[in-house]
Each structure stands twice: as C-alpha cells, then as structure tokens.
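No experiment lies behind these values; they were computed from the predicted model shown. The chain is numbered in sequence order, starting from 1. For ligands, and for the atoms within them, numbers begin at 1 and follow the listed sequence.
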Amino acid sequence: MCGIVGYIGNRNAQPILLQSLERLEYRGYDSCGIAVLSSTVKVYKDAGRVYQLGKALPKNNSKLGIGHSRWATHGKPSKINAHPHTDCSGRIAVVHNGVIDNFQQIKDKLTEEGHLFCSETDTEVIPHLIESYYQGDLEQAVQRALGDLRGSYALIVLAADHEELLVARNESPLVLGVGDGENFVASDVPALLDYTDRVIYMEDGDVGVITADEIRLVNCNQKVNRETNVIPWTIDDAEKGGYDHFMLKEIHEQPRVIRDTVAGYLSEIEPVIDLGLERTQFEDILLLACGTSYHACLVGRYLLEKLARIPVRVEIASEFSYSDAVLGETWVIGITQSGETADLLGALKKAKQLGCRTLAITNCFGSSATRIADQTFYIRAQPEISVAATKSFVAQLMAMYLIALSEAKMDIKSREDLTRELSVLPDKVQRILDDEEQIARHGKYLSTYDNAFYIARGINFPMALEGALKLKEISYIHAEGYPAGELKHGPFALLTPNTPVIAIVAKDDTYEAMLTNIKEIKARESPVIAVADEADEDIDKFVDEVIRVPSVDSIFSPVVNSVVLQLLPYYAARERGCSIDMPRNLAKSVTVK
Ligand code: BG6
C-alpha cells in the first residue's frame with residue numbers, strides 16, 4: 001500500500017506535505033513525490049525516501065498540493081513510476097493508493113486517442129482519463145473518470161486553475177483533516193495529527209471537493225455528511241519517544257497495551273468478562289487473518305478449544321477466497337491490526353455473503369474492517385508505526401484471552417485464578433524488558449547466521465511461527481518455524497552447525513517431548529537457544545544458551561515468549577544494520593490483493 005496526502009489552505013503547502021508523508025512512510029517507502037500548484041502544476045518525484053526528496057526541492061510558496069509515498073505494485077521503484085502522475089498537458093496531477101484492475105484496457109483506448117504514457121503504472125491512466133473528459137468542470141470530469149475505473153482507489157486530484165482538491169475513495173482508506181481556513185487529506189491519521197485532531201473518515205463511493213474553507217462530499221451524486229471524529233491520541237504516540245526505533249518503543253509499550261486492552265473487561269469483584277458484544281448464536285468459530293495476526297488466530301484457536309470447548313477453524317485470509325468450507329452457524333472473527341488488509345476485508349465480505357455473523361478485532365478506529373463486520377472489538381495498542389507488528393500482536397492475544405474467558409465453561413476458582421494471572425501479566429512482561437540485555441546478547445549471536453529454525457509444541461507452536469516471521473521480516477535471516485515433532489519428518493536434512501535452533505520450552509505437558517527433540521537436534525550439532533521458564537533448573541544441561549522468562553500459567557506463556565521473540569530479531573537486525581522500522585519490500589498493511 002502507499003501513503004497519500006493533500007493540503008489546501010493559507011500556509012506553505014510543501015513542508016506540510018513532506019512532514020505528513022514522512023508520517024506515512026510505514027505504508028510504503030520505495031519512491032515518493034509531491035505536486036504543488038502556484039501558477040502551474042509543479043511535480044517533484046524520485047526513487048528513495050521522503051527526506052531525500054525534501055533536501056532536493058526548490059523553495060516555493062504554493063498553498064495547495066498533493067503527495068505520495070509508494071509501495072510498488074505496477075512497475076519497479078523509479079523516478080518515472082513514482083507518483084504524482086500527470087496528463088498530457090501536465091495540468092492535472094494525481095496521487096493514488098490501490099490497484100486499477102482495468103488500467104490496460106483504458107490505457108489502450110486512450111493511446112489510440114493520442115495520449116502518451118511514460119510509466120509502467122496503473123495509476124497513470126487516471127489523470128489522462130480525467131483530461132479526456134475535462135470541459136472546464138473538474139468535478140464532473142473526475143466523476144466521469146471514476147465511472148470507468150474498476151478496482152481499489154484512494155486518490156487526490158490537483159489541477160491548474162482550480163483552487164480545490166478532488167478526492168475519492170473506493171476500498172482504500174482516506175481520511176480528511178478538518179482545520180480552520182485549511183483542510184488536509186491523508187491515507188491515515190498519523191499524517192494529520194501535527195495539524196488537527198478532527199478527522200472525517202471517507203466511505204466507499206465518496207467523492208469530495210476540498211477547498212480551504214469547505215469539505216463537500218457526495219456519494220452516488222447525493223450530498224452526504226460524514227461524522228467528524230476527535231482522535232483520542234496525540235502525535236507523541238506516533239513519535240519514537242527517545243527510542244532508536246519505533247519497533248523498540250512499541251515493544252516497550254506492551255505492559256501498558258496489555259493493561260489498556262483488558263481494562264474495563266476484568267472485574268475485581270466477580271470473575272466474569274463482558275466484552276459488550278451483542279451475543280451471537282454460533283456452533284463453531286472461524287478465525288481469519290494475515291501475517292502476524294494469523295499467528296494470533298492460531299493461539300486463539302488453542303484457547304477457545306481448551307477453555308471454552310468451542311470447535312475452531314483458522315484460515316489464512318488470502319486463501320479463504322478459494323475455500324469451499326461449509327459454514328453453518330459459524331461466528332467469523334477477522335483479526336487485523338490496520339483494519340485495511342485487502343485479503344482480510346475480502347474474506348470478511350465472503351463470510352457475510354455466506355450469511356455468517358462477523359466480528360472484526362482491530363486497532364484502528366474507522367478502518368474498513370469496522371465498516372464491513374457486524375461488530376468490532378478494539379484492541380488498545382494505539383498507533384503502531386513499525387512495519388513488524390509487536391504490541392498489536394500481544395494486544396490481539398489479549399483479545400483472544402478475553403473472548404475465550406468470556407465463553408469459557410469452568411468453575412469459579414479456575415476462572416478467578418486465570419483472571420488474576422491475566423492481571424499480573426504486565427508486570428511479568430516488564431521484568432523481561434528490564435532484563436533486555438540478556439536477549440540483546442543472544443540477538444548479536446544470532447546475527448552471525450544466515451539460516452535458523454524455531455520449534456515449539458502446543459500453544460507455543462504459533463510462537464515458533466511468529467518468531468521465525470519476525471526474524472525474516474527485519475533481519476533478513478531465513479528462518480522457519482515448526483511444530484517440534486515435525487522437524488524430523490524432513491527439515492532435519494537442513495540441520496548443520498550453522499543452523500541455530502530456537503526452542504521454546506514451556507514448563508507444561510510438552511516439556512518432556514521438547515527435551516527429546518532438543519537431544520535429536522544436538523545429535524546433529526546444531527546450536528540450540530532455549531527460551532525457558534525461570535524456574536527450569538534442568539534446561540541448561542541440554543542446550544547451548546538459555547533465555548529465561550518469568551514463570552506463568554502455561555496458557556499465558558505465548559505472551560511472555562512473544563516479547564523475547566521480538567527482541568531477539570530486533571538485536572540481530574540492529575547488529576546487521578538493517579532498516580528495522582521499514583524493512584525492504586514490506587508495508588505496514590497491504591491494501592491490494
Ligand atoms: C503485513 C505487515 O503487511 O500485514 C504485518 O507487515 C501484518 O506486520 C500483516 O501482520 C497483516 O496486517 P493486519 O493489519 O491485517 O494485521
């Protein structure tokens with residue numbers, strides 16, 4: 001996905017566009033550009049980061065402009081493929097986030113009509129299409145162009161001789177920032193908070209005309225009024241707060257995130273949990289997600305089946321569209337930090353078409369998932385900027401604990417014990433953070449290898465997947481997560497003294513089997529780093545290195561283990577000098593299928 005921004009007002013647009021774009025770079029950062037309007041439309045763009053573009057820009061004092069930071073879908077990251085794209089005359093400029101599915105047909109038709117295209121992108125057809133319909137009324141030309149487009153888009157149009165910005169949204173997020181004598185447009189809220197906390201979330205099909213003093217929205221040619229929301233957090237929440245990386249800051253926020261996400265649901269007096277969700281009649285549950293959120297689903301399945309005895313299926317959202325799963329009275333729960341991942345939105349829509357009740361578990365107010373799902377449960381992680389998900393993952397685990405405990409069939413005593421343990425989890429996580437150095441040392445050790453394995457059993461098997469994903473995402477070390485019992489059915493062939501194995505060894509019914517697997521691995525001379533319980537006095541005898549975590553009821557071990565599995569790759573990536581918050585080729589959430 002890309003980040004798009006716009007400004008119209010009485011201040012110099014250029015510095016505002018650049019700062020807002022920098023705030024959205026977690027969405028895509030392979031190339032960028034801006035267009036400003038003074039006497040004519042001026043476009044500045046290149047491959048690379050926003051700060052590099054900013055350094056090369058000539059000063060200008062235009063009062064309106066648009067900007068874009070790219071995550072390439074059509075055409076490699078380059079100056080020519082960067083946005084904004086313009087029409088033949090250079091008088092109409094467009095920035096776009098999404099994918100135009102029928103761009104080739106439009107391009108062929110316009111080429112026949114004499115339009116010249118210079119990029120490989122789908123987006124470039126939009127300014128040319130507007131140009132082909134333009135007869136002095138920009139809004140009308142844009143509306144007609146939108147009529148021809150198929151696919152997803154959030155776009156902003158700037159045109160010579162027009163003191164306005166045209167905006168449109170279809171399946172890609174777009175937020176308007178309300179100012180005094182100025183207005184702002186952006187793909188996401190963090191880009192607006194330096195200037196306003198009053199925002200309007202556009203809906204699919206909305207088209208808007210934005211001037212310095214007015215925001216006018218229509219949908220299907222009907223005037224629409226969208227609610228103005230006040231954002232409950234400040235720009236500081238989207239700053240590094242003195243940490244070297246957003247990822248490290250967000251890892252350190254997890255004790256607060258756990259407290260905030262369970263706050264209001266855990267009563268001190270009686271151990272019942274009311275999530276404030278409308279009761280849904282269901283026989284079973286289907287959990288859907290992508291990436292790290294999918295791993296939260298896998299832990300969720302374990303919890304719901306163990307504590308609530310509910311049959312649960314988990315599907316990767318992008319694959320669900322090909323699934324012919326028979327869904328009866330199935331409660332479908334989609335987990336998505338951003339609420340904008342296209343694969344997950346598509347899967348939720350399919351579940352609704354199949355007649356299922358749906359719940360979205362998300363971190364982002366006003367996101368598309370909250371509009372598609374019947375109900376929404378908000379995790380309270382606040383903005384997560386680093387591309388690799390950390391605090392949102394732990395908050396998603398909290399949501400799974402809360403739902404499983406609210407559906408659980410257990411005696412009062414057991415429920416009291418579990419809710420008490422849940423309430424002391426933040427302190428246990430803080431203890432790991434206070435002893436971060438021991439993990440940093442192991443991260444540096446891991447950074448010297450190019451391949452690694454993660455193994456675990458039971459409720460921690462998904463943690464082996466998450467640990468491997470984190471190492472891949474930010475340190476570029478190739479890693480695979482496996483159920484420990486599965487390694488000998490093939491992957492063993494890859495074990496050498498140069499393939500360290502991170503073994504997540506919980507003090508539960510998987511302990512003995514894990515030790516057996518570790519002995520099998522040691523027999524093939526691979527180094528083993530154990531993530532083990534602080535009370536485990538024997539583990540040292542079987543492994544090369546031990547990272548200790550506070551003792552918890554094994555059902556909560558994924559929470560304490562996840563912090564270790566985030567810090568380990570963080571320090572490996574740091575040692576390797578990787579771009580930790582913006583790993584190559586990735587984006588915070590992918591709004592294209
Ligand atoms: C990827 C992110 O693009 O999307 C991952 O890099 C994330 O960190 C995945 O887990 C799913 O995103 P979301 O927002 O749907 O949870």
Using a 3.5 Å cut-off and no angle test, enumerate the donor-acceptor pairs between side-chain atoms of residues 351-369 and protein atoms at least two apart in sequence or in another chain.
from : atom 1 : to   : atom 2 : distance (Å)
K352 : NZ     : I372 : O      : 2.9
K352 : NZ     : D374 : OD1    : 3.2
R357 : NH2    : E278 : OE2    : 3.2
T358 : OG1    : D374 : N      : 2.9
T358 : OG1    : D374 : OD2    : 2.8
T362 : OG1    : T336 : O      : 2.8
T362 : OG1    : Q337 : O      : 3.1
T362 : OG1    : C364 : N      : 3.3
N363 : OD1    : A381 : N      : 3.1
N363 : OD1    : Q382 : N      : 3.4
N363 : ND2    : Q337 : OE1    : 3.1
N363 : ND2    : Q382 : O      : 2.9
S367 : OG     : C364 : O      : 2.8
S368 : OG     : R169 : NH2    : 2.8
S368 : OG     : E340 : OE1    : 2.6
S368 : OG     : E340 : OE2    : 3.3

Taken in chain and number order and not counting sequence neighbours, the residues that satisfy side-chain contact (heavy atoms from CB on, under 4.5 Å) with Y195 are R11, I16, Q19, S20, F184
I'd like a table of donor-acceptor pairs (distance under 3.5 Å, sequence neighbours excluded) in which one partner is a side-chain atom from residues 452-463, with atom names and distances.
from : atom 1 : to   : atom 2 : distance (Å)
R457 : NE     : N517 : OD1    : 3.0
R457 : NH2    : N517 : OD1    : 2.9
N460 : OD1    : N561 : ND2    : 3.0
N460 : ND2    : S557 : OG     : 2.9

Tell me whether the guanidinium CZ or amine NZ of R584 lies under 6.0 angstrom from the six-membered ring centre of Y476 and within 45° of its axis.
-> yes
Please determine if D581 and K588 form a salt bridge, counting it only when a charged side-chain N lies under 4.0 Å from a carboxylate O.
-> no
Q) Salt bridge check: are E384 and K391 linked by an N-O gap of less than 4.0 Å? A) no
Sorted by chain and residue number, the residues with a non-hydrogen atom under 4.0 Å of ligand 1 are C290, G291, T292, S293, T336, Q337, S338, T341, V387, A389, E473, A587, K588, S589, V590
